[in-house]
Amino acid sequence: MELAYIPSPSRGVLHLGPVPLRAYAFCIIIGVFVAVWLGNRRWIARGGRAGTVADIAVWAVPFGLVGGRLYHVITDYELYFSAGRDWVDAFKVWQGGLGIWGAIALGALGAWIGARRRGIPMPAYADAVAPGIALAQAIGRWGNWFNQELYGRATDVPWALHITSSADGRVPGYYHPTFLYESLWCVGVALLVIWADRRFTLGHGRAFALYVAAYCVGRFWIEYLRVDDAHHVLGLRLNNWTALVVFLLAVAYIVVSAKKRPGREEVVEPGAAAEGTTADVTSGADGTDGTSEKASESDGEVAPSDAGPATGSTDLTKAEAGAAPTEDDAKTKTKTETKTETKTEAEIESAGGKKS
């Protein structure tokens, strides 16, 4: 008997009356919300509009779920189409079985459709959501814990996972918690991408490619520990080969992209920067901001309204500036009116002499 281990949940579903609440589905939903939240923050920081990430996710998430399920069903078709199996089970996503490779591939297609409809470059969007996707995977892996699935080889390490179910060919015992390994690895991938993005100003899809490459490294050795049924090619599980090929493609993209398009996109969403400028000007005009005035006042000066006086114009009078007229102003005004009256009388007399 093991003195220390990770217990498995006794069940992965609760019933609220006739409605089943499945932990696997909740993990995926929470992961999606985290990905959209973080992606939105990163998108705004890159110069995009708030809400754009969520709008495109409306396309990406359904495509991703379909793609993930298709990959799982195709690569494990014997679970649904062999003798004694019910093909209808292929549609029961809540029972587990989403392939990340298919989810990312078809999810990217959905994101491309959503981005294209808004005139947004797909690589810029992918860079913004990359760390969030990694965190979504980290959260989603806990759904496997609730389902008691995708564990590794038998082990006696203190953090071994205790499998208690004997359904679907499971053998109760203590195994490597590969779901936990992958969850922690994905958190590390998210932090790596965030750090590298700030340190090297990644753009044009390179942050997303880094996420893909880093995930593949972890998936390769974690997949090697798993004992669930899988197709083997040249002694390696199919997912090992997939991770290897995708890793090489991601690294190649990073290298080629860095040479062809260094730096980061200056504009990620057309019109977003202009809207931000207009909002700043408007807020300054209606007095809600006043940043320029505050900056000038902090230096002990008052900012002029124009670069300089126009030809033939004078400075604002005190009356125009809103100050009350002084006694000197009144005297000056009286002298001016007297000169004007004298000049007018002289012109009238002169005109009269000419007529006569």
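Basis for what follows: all heavy atoms, side chains included, without hydrogens, waters or symmetry-related copies. No experiment lies behind these values; they were computed from the predicted model shown.
- Residues Leu225 and Tyr181 meet the side-chain proximity criterion, which asks for heavy atoms closer than 4.5 Å.
- Val32 and Val187 are members of different hydrophobic clusters when ILVMFWY side chains are connected at heavy-atom separations under 4.5 Å.
- A pairwise comparison of heavy atoms in Ala138 and Ser183 identifies O-OG, 2.8 Å as the closest pair.
- Atoms OG1 and CD, from Thr178 and Glu149 in turn, are 10.0 Å apart once rounded to the nearest 0.5 Å.
- Once rounded to the nearest 0.5 Å, the distance linking CG of Asn40 with CZ of Arg42 reads 12.0 Å.
- By the 4.5 Å heavy-atom criterion applied to side chains, Arg22 and Phe146 are not counted as neighbours.
- Residue-environment remark: OH (Tyr80) exceeds the threshold of 12 foreign heavy atoms within 6.0 Å.
- The two atoms that bring Leu161 and Pro177 nearest to each other are CB-CB, 3.9 Å, heavy atoms only.
- Within the 4.5 Å cutoff, side-chain heavy atoms of Ser8 are placed close to those of Gln148.
- The pair Asp55-Arg49 does not count as a salt bridge, with every side-chain nitrogen at least 4.0 angstrom from each carboxylate oxygen.
- Ion pairing between Asp228 and Arg170 fails under the 4.0 Å rule for side-chain N and carboxylate O.
- Checked against Glu223 for a side-chain contact (heavy atoms from CB on, under 4.5 Å), the options Asn240, Leu150, Leu236 give a single hit: Asn240.
- Scanning both residues, Ala250 and Ala209, for their nearest heavy atoms gives CB-O, 3.5 Å.
- Expressed to the nearest 0.5 Å, how far CG of Leu70 lies from NE2 of His72 amounts to 11.0 Å.
- The hydrophobic cluster containing Leu249, built from Ile/Leu/Val/Met/Phe/Trp/Tyr side-chain heavy atoms closer than 4.5 Å, also comprises Val245.
- Among all heavy-atom pairs drawn from Arg264 and Thr201, the shortest one is NH2-CA, 3.5 Å.
- Relative orientation of the Trp87 and Phe91 rings is perpendicular, given thresholds of 30° and 60° on the angle between their planes.
- The cluster map of Ile, Leu, Val, Met, Phe, Trp and Tyr, joined by side-chain heavy atoms under 4.5 Å apart, puts Trp142 and Ile30 in different clusters.
- The distance from atom CD1 of Ile194 to atom CG of Leu210, rounded to the nearest 0.5 Å, is 11.5 Å.
- For the atom pair OG of Ser257 and CG of Leu202, the computed distance is 9.5 Å after rounding to the nearest 0.5 Å.
- Both Trp101 and Trp185 are members of a single hydrophobic cluster when ILVMFWY side chains are connected at heavy-atom separations under 4.5 Å.
- Val61 and Leu135 are members of different hydrophobic clusters when ILVMFWY side chains are connected at heavy-atom separations under 4.5 Å.
- By the ring-ring contact (aromatic ring centres under 6.0 Å, His included) test, His204 is found to be paired with no residue, residues two or more places apart in sequence or in another chain being considered.
- Looking at every heavy atom in both residues, Val268 comes nearest to Pro121 through O-CD, 3.3 Å.
- Using a cut-off of 4.0 Å between Lys/Arg side-chain N and Asp/Glu carboxylate O, Arg206 and Asp127 are scored as not salt-bridged.
- Results of the ring pair (Phe, Tyr, Trp, His ring centres under 6.0 Å) test with Tyr5 over Trp159, Tyr151, Tyr174 single out Tyr174 as the only residue that passes.
- Between His176 and Ile222 the shortest side-chain heavy-atom distance does not fall below 4.5 Å.
- Using a 4.5 Å cut-off between side-chain heavy atoms of Ile, Leu, Val, Met, Phe, Trp and Tyr, Ile29 falls into a hydrophobic cluster with Phe33.
- Side-chain atoms of Asp197 and Tyr211 include no donor-acceptor pair closer than 3.5 Å.
- Among all heavy-atom pairs drawn from Pro131 and Ala190, the shortest one is O-CB, 3.6 Å.
- There is a path of hydrophobic side-chain contacts, each under 4.5 Å, that joins Ile254 to Val246.
- Around the CZ atom of Arg116, the shell of radius 6.0 Å holds no more than 12 heavy atoms that belong to other residues, nucleotides or ligands.
- For the residue pair Tyr125 / Glu269, no side-chain donor-acceptor distance below 3.5 Å is found, with atom types taken as modelled.
- Annotation for Leu21: hydrophobic cluster partners, listed by chain and number, are Leu16, Val19, Phe26 (ILVMFWY side-chain heavy atoms under 4.5 Å, direct or chained).
- Pairs of residues two or more places apart, or lying in two chains, that qualify as ring-ring contact (aromatic ring centres under 6.0 Å, His included) and include a residue from residues 228-260 are Tyr77-His231.
- By the ring-ring contact (aromatic ring centres under 6.0 Å, His included) test, Phe200 pairs with Trp195, sequence neighbours left out.
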